[in-house]
Chemist: 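This is the structure, below, for whatever I ask next.
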Amino acid sequence: MKNKFTTIYAIFASVLFILTIFYFGFNLYSEYSKGYLRTKTTFDQLISTIKKEPSNIRIPNVYDYSFIKMQQNGEVFYQYPSSEYDSSSSNLIKNWNTSFTIGEDKYFINADMYLLRPSSIRFYARNSFLIVFLITVITIILIITITLSEKNDSYIESKDEDIPDYDSFNAESSNITSNQPEIITDTKAEEEVIEEEKLDFNQIDKQNDEEKEAAAQIKLPSEEIKPQELEINDNNPYGLYSPKSGIGWESYLLPRLTNELNRAISSELDLALFVIKVVDINKNEEELKKICDYLSVEFQFKDLIFEYKEDCIVAIKINLNLDDAVNFADKIHGQIESKSGLKCFIGISTRTIRIIGAERLLQEAEEALIHAQEEKDTPIIAFRANAQKYKEFIEQN
């Protein structure tokens, strides 16, 4: 009977372990597969709420976001995490961003949302752990119970061997009958001890469950995210922005462009890079600040615009393809020349579908700017990569 019970229990425990693993994996896969639609719905609901009550913005569950940034007229009025954020490439995060106008105010919302939420991982991991832990504790109890039972049987057998031969004492059959119940009584006493031990182990099991559940708390990744810190060196002692122009230092351009390219690649978004040259702009500091202020409004992010060389400005625009970038540059070019009276040239390059480095993208935009200066009637030139040839190159390599 013991062997049969042990076999049945071993099969039952194995099946339960397998089902627990399936439960954990299936639920995580199910949430991840629905993550795109869920994050889009959540983001759309947030935008709808902001449009209805822009003065009273509430985010129902901020832990669905690894990063969210809200701007009004180019100024940040809400950001989570509160410090600067450095997004890294991850297949578990989806980037959503949009812009809209309410009255005279222009809003821009940018959010990185979890396709697989840390809270879900914690929930299913905790449930799976409790099931496995419970099976393990029950198995330990059964092992101890069977071991004690086998020792008890051995003890009874040894006691039977020590019982004297009643015939040698010429004992009556009634005397033999009177001694037999002693062995049965001892057996019951042993079973009561075993039952008491079972109760003790059940109590331990219950306490361990409570302790393990408290210890199984998993920290959200968003709490551990550390933004990249840009070192302030002797060339830029004033912080992130140049006091002369009000935009970023040239030394911060490549690190930031690298980060934005990584985000765009991981989110499968396009990215446009503009190299804007305004002739003799450094001779008029007041006019330089006006142009930089104008560009900050148009590009929406002040920290994506940088000084470059002697008379150039480099700006980054997320989720903008080449054709839209050219139209956008045409608008900027017209405004700069009409308001400042200075000659303006613009070179453009975009990521398209390429996995490209920051130095290469900047070089392409600069080459486009050189051609724009050489062409008499074309002050705006964009570098267009052959997407089809790039796909073929990737497939062959």
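Sequence positions, counted from 1, serve as the residue numbers for this chain. Bear in mind that the values here come from a model prediction, so they are computed numbers and not experimental data.
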Chemist: Evaluate the side-chain proximity of Leu19 to Ile131: yes if any heavy-atom separation is below 4.5 Å, no if none is.
Modeler: no
Chemist: Does the Thr139 side chain pair with the main chain of Ile135, one donor and one acceptor, at a distance under 3.5 Å?
Modeler: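 The answer is yes, because a donor-acceptor pair under 3.5 Å joins these two groups.
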Chemist: Looking just at side-chain N and O atoms, do His333 and Glu337 make a donor-acceptor pair shorter than 3.5 Å?
Modeler: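 Present: a donor and an acceptor within the cut-off.
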Chemist: With a 4.5 Å heavy-atom cut-off, do Ile102 and Gln72 have their side chains touching?
Modeler: no
Chemist: Parallel, tilted or perpendicular: which fits the ring planes of Phe5 and Tyr9, with parallel below 30° and perpendicular above 60°?
Modeler: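 Answer is parallel, since the angle falls under 30°.
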Chemist: Does Lys244 pair with Glu307 as a salt bridge, N-O distance under 4.0 Å?
Modeler: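 No, no charged N to carboxylate O under 4.0 Å.
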Chemist: Among Ile348, Ile313, Ile346, Leu362, which residue satisfies the side-chain contact (heavy atoms from CB on, under 4.5 Å) criterion with Val275?
Modeler: Leu362
Chemist: May I ask whether Phe43 and Tyr78 are part of the same hydrophobic cluster, defined by side-chain heavy atoms of I, L, V, M, F, W, Y residues being less than 4.5 angstrom apart, directly or through others?
Modeler: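 In one cluster with Phe43: Tyr78, yes.
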Chemist: Salt-bridge test for Asp112 and Arg263: reply yes if a basic N is under 4.0 Å from a carboxylate O, no otherwise.
Modeler: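 Between Arg263 and Asp112 there is a salt bridge, with a charged N closer than 4.0 Å to a carboxylate O.
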Chemist: For the rings on Phe328 and Phe299, is their centre-to-centre separation under 6.0 Å?
Modeler: yes
Chemist: Indicate yes or no: at least one non-hydrogen side-chain atom of Leu273 is less than 4.5 angstrom from one of Val314.
Modeler: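 Sidechains of Val314 and Leu273: in contact.
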Chemist: Apply the side-chain contact (heavy atoms from CB on, under 4.5 Å) test between Met70 and each candidate in Val76, Ile59, Asn110; give the one that qualifies.
Modeler: Ile59
Chemist: Write down the atom of Ile381, the atom of Glu375, and the distance for their closest heavy-atom approach.
Modeler: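 Scanning both residues completely, I find the closest heavy atoms to be CD1-CG, 3.8 Å.
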Chemist: Heavy-atom distance under 4.5 Å between the side chains of Phe301 and Gln71, does that happen here?
Modeler: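 In short, these two side chains touch, coming nearer than 4.5 Å.
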Chemist: Has the side chain of Asp330 got a donor or acceptor atom that lies under 3.5 Å from a matching backbone atom of Val326?
Modeler: no
Chemist: Would you find a donor on one side and an acceptor on the other, under 3.5 Å apart, between the side chain of Asn97 and the backbone of Ile109?
Modeler: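 No, Asn97 side chain to Ile109 backbone: no donor-acceptor pair under 3.5 Å.
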Chemist: Students often mix this up, so state it plainly: with edges at 30° and 60°, are the rings of Tyr36 and Trp96 parallel, tilted or perpendicular?
Modeler: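 Correct class here is tilted.
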Chemist: Only one of Glu364, Gln363, Glu366 passes side-chain hydrogen bond (donor to acceptor under 3.5 Å, both in side chains) with Ser349; say which it is.
Modeler: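 Among the candidates, only Glu364 passes.
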Chemist: Can you name the closest pair of heavy atoms from Arg384 and Asp323 and give their distance?
Modeler: NH2-OD1, 3.1 Å
Chemist: Looking at Ala264 and Asp270, what are the two nearest heavy atoms and their distance?
Modeler: CB-O, 4.4 Å
Chemist: Might you point out which heavy atoms bring Ser128 and Tyr23 nearest each other, and give the distance in Å?
Modeler: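 That closest heavy-atom pairing would be OG-CD2, 3.6 Å.
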Chemist: Are Ile21 and Leu28 connected in a single hydrophobic cluster, I mean Ile/Leu/Val/Met/Phe/Trp/Tyr linked by side-chain heavy atoms less than 4.5 Å apart?
Modeler: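 Looking at the clustering, Ile21 is in a separate group from Leu28.
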Chemist: Using a strict 4.0 Å threshold on nitrogen-to-oxygen distance, state whether Asp44 and Lys40 make a salt bridge.
Modeler: yes
